[in-house]
Amino acid sequence: MPNIDLHSHSTVSDGLLSPAQLVTRAAAQGVEVLALTDHDDVGGLAEAREAARREGVRLVSGVEISVSWNSHTVHVVGLRIDPTHQALQAGLSVIRAGRIERAKRIAAALEARGIPGSLEGAYAFVANERLISRSHFARFLVAQGYAKDVRSVFKKYLVKGKPGYVPHRWAELETAVGWIRASGGIAVVAHPGRYPLNEGGMHALLADFKEVGGAAIEVVSSSHTPPQYALFSDYAANYGLLASRGSDYHGPGESFVELGRLPNLPAACKPVWHDWPEFLS
Ligand code: AMP
Ligand code: MN
Ligand code: MN
Ligand code: MN
């Protein structure tokens, strides 16, 4: 089985490497098939494709869409999408506008708790002016000495219940899956183990996801423990969902799992790439 990594980020969203640098690093790590899946933006795919041709990596066009499902934020990865598709592009642009509006509310919330200047501060870490994320706030807060690293700054300031967290409504599940499918792509629930759902909640999410045309879930992810690989392999089998593998790499120093280094899918899984032309050669 080729080394395949179907979840990664560049500076077009909240990664630390440019699309070309990311692809070069993936090649050096032995990744043969890579999906670039920036949050809510497909603007890095052209550069990544060019680099992939140079490096001999097979690039899968991807995106990671922010979704609100019930009271939860859920991420849906789209694989083998067409980045030029109109409805997909228009939808992502609405989500990005929502991010800019949310960023202002985050900055106001932090200011009210005695942390001024975080909007400008976060933008200093943004490479793509169209896309601002909590990760950029995190990098600003770390640089200002509010916490020792991005992980602890999230825990202290940026998650639900903390000073810099504000509620936000993202795209609807059905809408996001619809854009992915309309553009020819496959919809994948990203890192299902990260959502604070009990068993009933996970069943409800996967049933709704299936219902609206979702096709796969990430089974092997840097967000999962080995017991969760087995757990989500079982969920995939029970719901007739395909399985994906992705590091969710964000860059050196911030991601502790390197590109292409996770274990293979459990043998019981049907891989999301089982019928992809990328694998016929
Ligand atoms: P956003 O989509 O702007 O709300 O930001 C979400 C991103 O923040 C995720 O994709 C991760 O890259 C990062 N993130 C979320 N939670 C954490 C955490 N606890 N520790 C480190 N990074 C996190
Ligand atoms: Mn991220
Ligand atoms: Mn995610
Ligand atoms: Mn991700």
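Both counts, for ligands and for their atoms, begin at 1 and track the order of listing.
- The closest side-chain donor-acceptor pair between Ser13 and Asp38 falls under 3.5 angstrom.
- Residue-to-ligand polar distances keep Arg151 apart from ligand 1: every N/O pair is separated by 3.5 Å or more.
- No N or O atom of His75 sits closer than 3.5 Å to an N or O atom of ligand 1.
- Under the side chain to side chain contact (heavy atoms under 4.5 Å, CB included) test applied with Val77, the options Ile65, Val189, Val188 reduce to a single match, Val188.
- Nearest protein heavy-atom contact of atom 2 (O) of ligand 1 is Arg99 NH2, 2.9 Å.
- The existence of a salt bridge linking Arg245 and Asp5 is excluded, since no basic side-chain nitrogen approaches an acidic carboxylate oxygen closer than 4.0 Å.
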Worked check of side-chain hydrogen bond (donor to acceptor under 3.5 Å, both in side chains) between Arg134 and Tyr165: CA-CA 9 Å; Arg134 278 185 295 161; Tyr165 182 87; over 6 Å; no
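- Ranked by closest heavy atom to atom 1 (P) of ligand 1, the top entry among Arg102, His191, His39 is Arg102.
- Between Glu101 and Lys104 there is no salt bridge, since no side-chain N of the basic residue sits under 4.0 Å from a carboxylate O of the acidic one.
- For Glu64, no heavy-atom contact with ligand 1 is shorter than 4.0 Å.
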Residues His75, Trp170; criterion side chain to side chain contact (heavy atoms under 4.5 Å, CB included); working and verdict: CA-CA 10 Å; His75 287 172; Trp170 303 101; over 6 Å; no
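- A distance of 13.0 Å separates CZ in Phe137 from OH in Tyr146, rounded to the nearest 0.5 Å.
- Inspection of the environment of the Mn ion (ligand 3) yields the following protein N, O or S atoms under 2.8 Å: Glu64 OE2, His75 ND1, His191 NE2.
- Ring centroids of His39 and His9 are separated by less than 6.0 Å, placing the two rings close together.
- Side-chain N or O atoms of Thr24 include one that pairs as donor or acceptor with a backbone N or O of Ala20 at under 3.5 Å.
- Less than 4.0 angstrom separates some heavy atom of Ser133 from each of these atoms of ligand 1: 3 (O).
- The side chain of Asp14, and not its backbone, has at least one atom closer than 4.0 Å to an atom of ligand 1 (non-hydrogen atoms only; side chain from C-beta on).
- Annotation: atom 6 (C) of ligand 1 to nearest protein heavy atom, Arg134 NH2, 3.7 Å.
- Taking OG of Ser255 as the reference point, atom CG of Leu16 lies at 7.5 Å (rounded to 0.5 Å).
- The 12-atom threshold is not exceeded at CZ of Arg113, counting heavy atoms of other residues, nucleotides or ligands nearer than 6.0 Å.
- Looking at atom 8 (O) of ligand 1, its nearest protein heavy atom turns out to be Phe154 CZ, 3.2 Å.
- Taking every non-hydrogen atom of Ser135 and a distance limit under 4.0 Å, the qualifying atoms of ligand 1 come out as 7 (C), 8 (O), 12 (O), 13 (C).
- Heavy atoms of Arg194 found under 4.0 angstrom from ligand 1 belong exclusively to the side chain.
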